Structures are given as structure tokens and as C-alpha cells.
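Before any comments, here is the structure.
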Amino acid sequence: MARKKTLKLATFNVNGVNTRLPNLLEWLDAEKPDVVALQELKATDQAFPAQAIEKAGYGAVWQGQPSWNGVALLGRGTVPIESRRRLPGDAADTQSRYLEAAVHGIVVAAIYLPNGNPQPGPKFDYKLEWMERLARHARTLVGLPHPVALIGDFNVIPTDDDVYDPRSWRKDALIQPQSRQAYARLLGQGWTDALREVFGEERIYTFWDYFRQHAERDRGLRIDHLLLNPVLAKGLEGAGVDRWVRLREKASDHAPAWVTVSAPG
DNA sequence: ATGGCTGGCGACGCCAGA
């Protein structure tokens, strides 16, 4: 009888892939995720540390940009097969925020959704337009007969249960009704928000800002999400957040969030 | 109600993040 194999999919906003390379490599070695989406590379394509990541046992595809943004997909022991490197719907949008590839038999989209601050304003408009474009594209993926995951930094606090104190974030783009409604509409297509599914009523955060020792005091936000289409959600086994990474010296302000799923096929 | 911290850039302060 064949033993059921489990895959671990993770998303991690590294906040500078080169500045944070030691943290990233320590985490990869400790947790050994099979599929990783990275956001906020803050590096050009040329500066992406492909050799160090390959030495750690991971193949990679990436889309960099000077100073800001930047996304990558890593596969443990395999090179992801890229299927798309732009979110359709706006040829003038040059920000590196989307990358899609087949990894270990799963179609995985790495998402770095715009922050949208300050709101109101053009940056918030861009965020909402980006979410509309994401929803349009996601609609073409959710019903596919093979497993699909949208994972990344969505920059949306879905509900008041996803923030240590909603009042201190009430003017922020991440918590606005328009942002929440757009996220809810996306889920309504049939995606499973895996962390919430697994944790139920329990509080779980993925981001803690650098102020007032918020990480140590666990005053965080849940803004990094792993959305699974129905085919993949059927195999959902577990989920978690590697908070220990956030408590390291010189840490990113996000921690890696992950799911375990039964391997397709 | 506000400011507090951090990284990238490129030359000490500014922008952007969330």
C-alpha cells in the first residue's frame, strides 16, 4: 500500500532577500518547506541570491525590481515551471507583485498585494484595482481540475479577529471595508483560507510591526494568507506560522506561514 | 491623536512599508 505523501507550502515576506539571507537559509534548513513563495525581495533580478538558495537545495524562479516589491517561488529539489509573471489586466503595471508556476504538481501563485496606504488616495485606488484584477484571474483558476494555491502577503486584515487591536488600525488601508469586501469576494469564488480553516476561533498572526516590542508581546496582524482551491483544500492536513523566525535578530516583520497538504496524484 | 522602527538608496535625509 502506498504511503500518503505530504507537501508543505509556505509563504514568507522576507523584507529584503539579501539583507535577510541568513534568516531565510536558517528557516529553510529547519523547516524544509517543499514550496515557498517569497515577497518583498527588494532586489533586482541580477541580485537575487540564486546560488545560495540552490545550495540550500531549492530551485527558484523570481521576478525582481530595484528597491521595492519582488516575488519568487522556490521548489525543494525541483525548479518551478513558470506559467505567468504578471497579473493580467493592466499592461502599464510594472510592479513585481505576481508570479505563478507549477511546483510539485501544484499551480502556485506568489502574491504581493499592494499595501494601499495612505488611504484614501491613488495608492489605495491601485490596491483595490489590483484586487479586482486578482479576482478576475483567480476565477479562471479556482475551478480547475488540479490543485491550485494563491499564497502570499495579501495586505488585508480579513476580520477584527485578525488584529490585536482594530482601533489602532482603523485608518489603515489593510482594514478598510473596501479591502475586506474585496478579500471576502475572492474567498466567495470557492477558495479556502487555510489558516482560518485550521485555527478556527483561535488567534493567529503573521505580521508584527517593529514598534513597541509588538513581536515579543504577540501584538500582530494576520495578513499573509494561503488560499486553496477545492481540489487542493480536500487534502488540507494542517497549517501554522513559524513565529520563531520573527523573534530572531534582524528579522523580517513577517513570519513564514504554511500549510501541509496531501500530495496530488 | 501621534509616533514609534526598519531597509534601500546614496550620501544624511527621504521614501515606503503596514
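Quick caveat, the model's predicted, so the values are computed rather than measured.
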Write down the distance between OH (A:Tyr210) and C1' (B:dA18), rounded to a whole number of angstrom.
-> 11 Å

A:Trp27 and ring-ring contact (aromatic ring centres under 6.0 Å, His included): which partner among A:Trp244, A:Phe12, A:Tyr58?
-> A:Phe12

So, with a heavy-atom separation below 4.0 Å from DNA chain B, the residues of residues 150-160 of chain A are A:Asp153, A:Asn155

Whole-Å distance separating the NE2 atom of A:His254 from the P atom of B:dC5 = 18 Å

Is the closest side-chain donor-acceptor distance between A:Asp172 and A:Asn117 under 3.5 Å?
-> yes

Should the pair A:Asp93-A:Arg133 be classified as a salt bridge under the 4.0 Å nitrogen-to-oxygen rule?
-> yes

If you look at every strand shown and take non-hydrogen atoms under 4.0 Å, does A:His214 touch a base, only sugar-phosphate, or nothing?
-> nothing

Check whether any side-chain nitrogen or oxygen of A:Ser67 sits under 4.0 Å from OP1 or OP2 of B:dC9, and answer yes or no.
-> yes

Contact under 4.0 Å: A:Arg219 side-chain N or O vs B:dA18 OP1/OP2 | no

More than 12 foreign heavy atoms under 6.0 Å from CZ of A:Arg167: is that the case here?
-> no

Return the value, rounded to whole Å, for the distance between atom CZ of A:Arg180 and atom C1' of B:dA18.
-> 14 Å

A:Arg246 and A:Asp253 ion-paired at < 4.0 Å | no

Cation-pi between A:Arg219 and A:Tyr164: NZ/CZ under 6.0 Å from ring centre and within 45° of the ring axis?
-> no

Could you check how far CG of A:Asn13 sits from P of B:dA18, rounded to whole Å?
-> 6 Å

Interatomic distance, A:Trp68 CH2 vs B:dG8 P [rounded to whole Å] = 12 Å

First of A:Ile223 and A:Lys42 reached from the 5' end of DNA chain B, by closest nucleotide = A:Lys42

Do A:His254 and A:Trp208 have side chains that get closer than 4.5 Å, going by heavy atoms?
-> no

Is the shortest heavy-atom distance from the side chain of A:His225 to the side chain of A:Pro158 under 4.5 Å?
-> yes

Per the under-4.0 Å heavy-atom filter, residues of residues 117-133 of chain A near DNA chain B come out as A:Asn117, A:Lys123

Which part of the nucleic acid, if any, lies within reach of A:Arg167 when heavy atoms closer than 4.0 Å are counted: base, sugar-phosphate only, or nothing?
-> nothing

What stems involve DNA chain B, if each pair must be Watson-Crick or G-U and both of its distances must be under 3.5 Å, with 3 or more such pairs in a row?
-> B:5-9 with B:13-17

In whole Å, what separates the P atom of B:dA1 from that of B:dA11?
-> 39 Å

Is the shortest side-chain N/O distance from A:Lys250 to OP1 or OP2 of B:dG7 below 4.0 Å?
-> yes

Does a side-chain heavy-atom distance below 4.5 Å link A:Gln95 with A:Gln65?
-> yes

Passing option when A:His137 is tested against A:Arg84, A:Arg86, A:Glu132 for side chain to side chain contact (heavy atoms under 4.5 Å, CB included) = A:Arg84

Ion pair present between A:Arg85 and A:Glu100, side-chain N to carboxylate O less than 4.0 angstrom?
-> no

Any side-chain heavy atom of A:Trp258 within less than 4.5 Å of one from A:Leu9?
-> no

Rounded to whole angstroms, how far apart are CD on A:Glu40 and C1' on B:dC15?
-> 13 Å

Does A:Thr19 have a side-chain nitrogen or oxygen under 4.0 Å from the phosphate oxygens OP1 or OP2 of B:dT6?
-> no

Rounded to the nearest angstrom, tell me the gap between atom CZ in A:Phe207 and atom P in B:dT6.
-> 12 Å

Rounded to the nearest Å, what distance is computed from the CZ atom of residue A:Phe211 to the P atom of nucleotide B:dG17?
-> 14 Å

For atom CD of A:Glu216, decide whether the heavy atoms of other residues, nucleotides or ligands shown that lie under 6.0 angstrom number more than 12.
-> yes

Answer yes or no: side-chain N or O of A:Asn115 and base N or O of B:dA18 forming a donor-acceptor pair under 3.5 Å.
-> yes

Provide the distance between the two P atoms, one in B:dG13 and one in B:dT2, to the nearest whole Å.
-> 25 Å

